[in-house]
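Working notes, beginning with the structure itself.
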Amino acid sequence: MDTEIRGTRRRQRRFRGPFRKAPPITNNRTFATGDKPLYVPPHFAVPDQNALFELIDKHPLGILVTQSKGTLDANHLPFELDRSKGDKGVLNCHVARKNPVWQEVANGDEVLVIFRAADAYISPNWYPSKHEFHKQVPTWNYLVVHAHGRITVRDDERYVRRNVAKLTHMQETSQPVPWKMGDAPKDFIDTMVKAIVALEIEITGLVGKSKLSQNKEVRDIQNPGEMLRAQGAIAMGEAMLAAAAAKSQ
């Protein structure tokens, strides 16, 4: 598979796809929590915090990774991002009370939340240069954000109710007739709220990776983008075409 090292000396350019292009960053730094960030070659880096927030807003189903007693756990949860709190924002979610994760973590524990947007397999046959030089291999392109942070368990009914209301509003606003908690009987909602526990994660480090073959020739970005779009992988196809257009400028 693609080792992600080709073309590291090429001048970095800006593109207006889901992520904007980044200047080189170092990959051996640590966040405030001590966590090492995702491996990101300079041509795939995304230093713009607002661009990372936008991906989280558009793809709120994250993977919460926790550790307890030497064992890793992962929970798939929808998150609400509050940009107004902390230096890098706060992530809010909730879990079923029967889910042991909220009892296996302690307030202040370091956690990781992974958000993923589009992804797609890229065949070597899609690169025009392959048919000339036969020096291409398969790869997989993707758009991701890793959010490192410190977790707090919020097991109080008022906070839980507000958390559920925000998440519901975030998803229902696009509906012709948005559902709201008041549409259900009060005793039913009260029972449901008591069955969940809220989690709050103060973000201490954000890292994004926009792997769109930016380390290759323009034609080797554009043609795979067109192939993906033709196959119905619209989001990834459009992202690659935006990267190709920016690199050709």
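These figures come from a predicted structure and were not determined experimentally.
- In the model, T66 has no side-chain atom that pairs as donor or acceptor with a side-chain atom of D109 under 3.5 Å.
- Side-chain contact, K216 with S129: no donor N or O sits under 3.5 Å from an acceptor N or O.
- V137 has its side chain out of reach of T139: every pair of non-hydrogen atoms, C-beta onward, lies at least 4.5 Å apart.
- From K88, atom NZ reaches atom CD of E202 across 9.5 Å, with rounding to the nearest 0.5 Å.
- With rounding to the nearest 0.5 angstrom, the NZ atom of K211 is 9.0 Å from the CE atom of M236.
- In this structure, the separation between CG on D183 and CD on E172 is 9.0 Å, given to the nearest 0.5 Å.
- The minimum heavy-atom distance linking A243 with Q214 is given by the pair CB-CG, 4.3 Å.
- Here the straight-line distance linking atom CZ of R154 with atom CG of D156 works out to 5.5 Å at 0.5 Å rounding.
- V164 is not listed as a side-chain neighbour of I189, based on a closest heavy-atom distance of 4.5 Å or more.
- At least one side-chain heavy atom of D220 sits under 4.5 Å from a side-chain heavy atom of Q136.
- Here the side chains of T71 and E104 are not in contact, with every heavy-atom distance at 4.5 Å or above.
- In the hydrophobic cluster analysis, where Ile, Leu, Val, Met, Phe, Trp and Tyr join through side-chain heavy atoms closer than 4.5 angstrom, F53 is grouped apart from M170.
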Side-chain donor/acceptor pairs under 3.5 Å, residues 73-86, sequence neighbours excluded:
| from | atom 1 | to | atom 2 | distance (Å) |
| --- | --- | --- | --- | --- |
| D73 | OD2 | N75 | ND2 | 3.3 |
| N75 | OD1 | N99 | ND2 | 2.8 |
| E80 | OE1 | N92 | ND2 | 2.9 |
| D82 | OD1 | S84 | N | 3.0 |
| D82 | OD1 | S84 | OG | 2.5 |
| R83 | NH2 | D57 | OD2 | 2.4 |

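- In this structure, L228 and A120 approach most closely via the heavy-atom pair CD2-CB, 3.7 Å.
- Linking Ile, Leu, Val, Met, Phe, Trp and Tyr whenever their side-chain heavy atoms come within less than 4.5 Å puts L206 and L91 in one cluster.
- Under the 4.5 Å side-chain heavy-atom criterion for Ile, Leu, Val, Met, Phe, Trp and Tyr, I114 and V207 are members of distinct hydrophobic clusters.
- At a threshold of 4.0 Å, the pair R161-E157 counts as salt-bridged, since one of the basic side-chain nitrogens sits closer than that to a carboxylate oxygen.
- Taking a 6.0 Å sphere around CG of N107, one finds it holds more than 12 heavy atoms contributed by other residues, nucleotides or ligands.
- Under the 4.5 Å side-chain heavy-atom criterion for grouping Ile, Leu, Val, Met, Phe, Trp and Tyr, L64 is connected to V105 within one hydrophobic cluster.
- L143 has its side chain within reach of L212: a pair of non-hydrogen atoms, C-beta onward, lies under 4.5 Å apart.
- When every heavy atom of L55 is checked against every heavy atom of V144, the shortest pair comes out as CD1-N, 4.4 Å.
- A distance of 11.0 Å separates NE2 in H146 from CZ in R116, rounded to the nearest 0.5 Å.
- Residues I122 and P224 share a closest heavy-atom pair of CG2-CB, 4.1 Å.
- Proximity of K209 to Y39: side-chain heavy atoms (C-beta onward) are separated by under 4.5 Å at one or more points.
- Among all heavy-atom pairs drawn from V65 and L72, the shortest one is CG1-CD2, 4.4 Å.
- Of all heavy-atom pairs between I221 and K247, the closest is CD1-CD, 3.9 Å.
- Looking at heavy atoms from C-beta onward, N125 lies in side-chain contact with K130 at the 4.5 angstrom threshold.
- With hydrophobic clusters built from ILVMFWY side chains whose heavy atoms lie under 4.5 angstrom apart, I63 does not share a cluster with V111.
- Looking at W102 and R97, their side chains come closer than 4.5 Å, going by heavy atoms from C-beta outward.
- For the atom pair H94 NE2 and I196 CD1, the distance stands at 4.0 Å (nearest 0.5 Å).
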